[in-house]
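Every chain is numbered from 1, with letters handed out A, B, ... down the list of sequences.
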Number of protein chains: 4
Amino acid sequence: MPRPSNGDLRRAILDAARSALLEKGYTQLSLRPLARSVGCTATSIYLHFPNKDGLIHALIDEGMDLLHERLEAASSGVGDPEARVRALTRAYLDFGIEQSEYYEIMFMLHPERMERYPAEKYRKARRNLDLFAEALAGLTGRSVAELQLPATIIWSSLHGLVALLIARRIDIRLNRDALLDEAVEQAVRLAAGWRKPAAGPPPAATRPAP
Amino acid sequence: MPRPSNGDLRRAILDAARSALLEKGYTQLSLRPLARSVGCTATSIYLHFPNKDGLIHALIDEGMDLLHERLEAASSGVGDPEARVRALTRAYLDFGIEQSEYYEIMFMLHPERMERYPAEKYRKARRNLDLFAEALAGLTGRSVAELQLPATIIWSSLHGLVALLIARRIDIRLNRDALLDEAVEQAVRLAAGWRKPAAGPPPAATRPAP
Amino acid sequence: MPRPSNGDLRRAILDAARSALLEKGYTQLSLRPLARSVGCTATSIYLHFPNKDGLIHALIDEGMDLLHERLEAASSGVGDPEARVRALTRAYLDFGIEQSEYYEIMFMLHPERMERYPAEKYRKARRNLDLFAEALAGLTGRSVAELQLPATIIWSSLHGLVALLIARRIDIRLNRDALLDEAVEQAVRLAAGWRKPAAGPPPAATRPAP
Amino acid sequence: MPRPSNGDLRRAILDAARSALLEKGYTQLSLRPLARSVGCTATSIYLHFPNKDGLIHALIDEGMDLLHERLEAASSGVGDPEARVRALTRAYLDFGIEQSEYYEIMFMLHPERMERYPAEKYRKARRNLDLFAEALAGLTGRSVAELQLPATIIWSSLHGLVALLIARRIDIRLNRDALLDEAVEQAVRLAAGWRKPAAGPPPAATRPAP
DNA sequence: CATGAATGAGCTTTCATTCAT
DNA sequence: CATGAATGAAAGCTCATTCAT
């Protein structure tokens, strides 16, 4: 995969780094092989990024933006509240599987292992959580503020599936599509469980069944 | 932290490695600082483990056994099926949080990045999944065989929460205890959703509600 | 011995390695002391050679070329067949003694102990053997093809002397010049022994005297 | 090859070291693998030898004795002077090929690379050279004293062949037996060349042919 | 915008050797 | 006679990074 001669070297480096990251992981990604794979010298990388971490940060940024786009695109036109939640969860899982290179550096890296990481960047992740909270609000009739915890619960259940798939910890004999379908439906059921009670038993979220 | 002069060096190495792994990760864990922290030389590590990977494998083994003990201890005496599932999920989350050093090595390391990993060792992880499937069987009246997928769904939702907590990706303003309580209850609700229908609507596992 | 600041570092490394090899041998030659002796860091060596073996290979190459030059220079202008053989043998011995650093790397290192050795390089050694075979052809009236074995015999007898001298196994009370003179003359006599018989006894090469 | 339980550990170590030396060479021979191959611990080696070099020295001693036995056995009963020289050379080559493990440490190791080597031990090698000189004396009618140089010439030509064979520098397409036969006959011819002239042309050793 | 040369710190691993038992 | 535990030194090699050009 030779570097596009007239093209954007920064872009090429980012792309190569992204796929190398998936194979090697953050700490095993090294700049010289990376540079070789993209057809430039290691030194050139420093012309486009302050250092190795800066390169990763740029990728995380990109990934966060990409995920946001995907989630918005998937849910924007959907009117029905439940369908909206379903669309969001499905889009999240799809992103995690298709863009696992991004996903891993975005959500599976320890912040304390990346020195000099600007914590500010993680706030971009909040935007994505908010999309879930807003969809939940539409479905449950509750405020976004009081749905932070439920949204986190749903997000983490989706994250768990993606993370185990990426780490290859899921029994390969399970049908992956069935697994994803089921995960989506259960997430939707979970979401519906937080509906504001018109009349009837309070949802588990507020009070466990006696 | 001077080496316990009379003690078991192997034990001390394992303990030091476990906590070092949590803050450094696998590839950044290096043997010389590790040895220094435990009060021996790097060479001594090779008297007790064949190499760096062997050290990690020993930790994974220990962790798997420890988790199994915890899960069994938590659920063994519990008769009520729902309470049993609740106890299991709670024990799993507790393990992940209290023993996050073990947890990360066990479930958050990429197998392909650890060369020479004996695939056989991953089978120990299966035992733990089986505990969930068995508890589900008690609750739902289904066979363990047909509950592999639901058990995986529940496991992955628990894993997601633990993983995000360990990676410090959860908003710290959320009440952690409430989060865990909620996660447990939702897992139990999920589990109950797979109950074999006596008469009535088919469970979500086989066909989503229309 | 500070590094020649303006000069060719690669050249300096090769030179230092060549003499270090003579006193240390291949396996005891280590890169850090080598680098220190040449005034650079060990890492710098890897800028000029792929690895330790690559460095040695470069030396072997050089040595083979140098020997070839010497042999050709010594024999090129010599018309008389016997004088030609004499010049070749003398030049070979001289090379072995004067360039014993090269000689040892070229002929006294076990190939199986140098991993990753490109077998192709050994073909350069053949060129030198061919020079002997050709000179023998001129002297004996035989074809180069049927002189491979005699050429090898002569070569190995010269090699034996050089090797023992380098390894300091020859009694130091022997007059070295007399030894060399004698070796040359005996080699020439050997060579003459393979002369094609015009009429008379068959040469020893084809059938030992009864 | 497990260690003979009741047997001589020292003997087992020597045997294992001898064959390991051929594969690995002196500097790459390491004591722990050696100990493992013989079924004892590395520490045990130090009970029988002062250190690694001491082990090698013992082997060299053994080898020198063995070669001496072989040469004496081969030549002792032979009356005819020429046949005696032939038997000696043949025995030398055979030893070098069959006992190449011994041969290499005896003659192909640099003394200065083996620290603490007692130079005194090399004198054993002289005994073997003397056997050649004595046989030459029988053949040529000269004194042993004036045959030191010719004996060295013959020895070195034999050594050259053995050394190149051990180092695998000889073209494998050459017939090895023919090569050895030829080497023996040429050595005999060389030897005969030093015959004291009854009447006739002076031998090459004292004056080259005009 | 890009490079080649260079560096110092660091890595995992192996070595010969010692010592208390 | 033999061991297991331990060590300090050193090995080859790779790393992210810098600097003059």
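Atom pair B:Ile45:CD1 and F:dA5:P shows a separation of 15 Å (rounding to whole Å applied). B:Leu47 places its CG atom 14 Å from the P atom of E:dT13, with the value rounded to the nearest Å. Atoms CG (A:Leu9) and C1' (E:dA2) sit 9 Å apart, rounded to a whole Å. Note: CZ (D:Arg10) to C1' (F:dA2) measures 17 Å, nearest angstrom. The interatomic distance linking A:Tyr46 (OH) with E:dG4 (P) rounds to 16 Å, in whole Å. Remark: P of E:dT18 and NZ of D:Lys52 are 14 Å apart, rounded to the nearest angstrom. Distance C:Ile56 CD1 to F:dG12 P: 10 Å, rounded to the nearest Å. C:Leu55 has its CG atom 11 Å from the P atom of F:dG12, to the nearest Å.
The two atoms that bring D:Ala125 and D:Met64 nearest to each other are CB-CE, 3.7 Å, heavy atoms only. Minimum interatomic distance between B:Gly54 and B:Pro50 (heavy atoms only, all atoms of both residues): CA-CG, 4.1 Å. Residues A:Ile13 and A:Phe49 approach most closely at CG2-CE1, 3.8 Å, considering heavy atoms.
Contact between the side-chain N/O atoms of D:Ser30 and the OP1/OP2 oxygens of E:dC15 is found at a separation under 4.0 Å. A:Ser44 has a side-chain polar atom (N or O) that falls below the 4.0 Å cut-off from OP1 or OP2 of E:dT3. At least one side-chain nitrogen or oxygen of A:His48 sits closer than 4.0 Å to the OP1 or OP2 atom of E:dA2.
Going from atom CD1 of D:Ile105 over to atom NE2 of D:His57 covers 10.0 Å, rounded to the nearest 0.5 Å. In this structure, OG on A:Ser44 lies 11.5 Å from CG on A:Leu31, to the nearest 0.5 angstrom. A distance of 11.5 Å separates OG1 in D:Thr41 from CZ in D:Arg36, rounded to the nearest 0.5 Å.
Where C:Leu31 and B:Thr41 meet DNA chain F, the nucleotide closest to each residue was compared, and B:Thr41 sits on the side nearer the 5' end.
Remark: the D:Thr43 side chain and the E:dT17 base include no donor-acceptor N/O pair separated by less than 3.5 Å. Residue B:Arg32 places no side-chain atom within donor-acceptor reach of the base of E:dG10, judged by atom type and a 3.5 Å distance cut-off alone.
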Give DNA chain F the dot-bracket treatment, 5' to 3': Watson-Crick (N1-N3 with N6-O4 or O6-N4) or G-U (N1-O2, O6-N3) under 3.5 Å, [ ] crossing, | other strand. .||||||||||||||||||||
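The only member of B:Gln99, B:Glu101, B:Glu62 that meets side-chain hydrogen bond (donor to acceptor under 3.5 Å, both in side chains) when paired with B:Arg18 is B:Glu101.
Contacts of A:Leu34 with the nucleic acid, taken as non-hydrogen atoms under 4.0 Å apart, are absent. No engagement by C:Pro50 is indicated, since no non-hydrogen atom pair under 4.0 Å with the nucleic acid exists.
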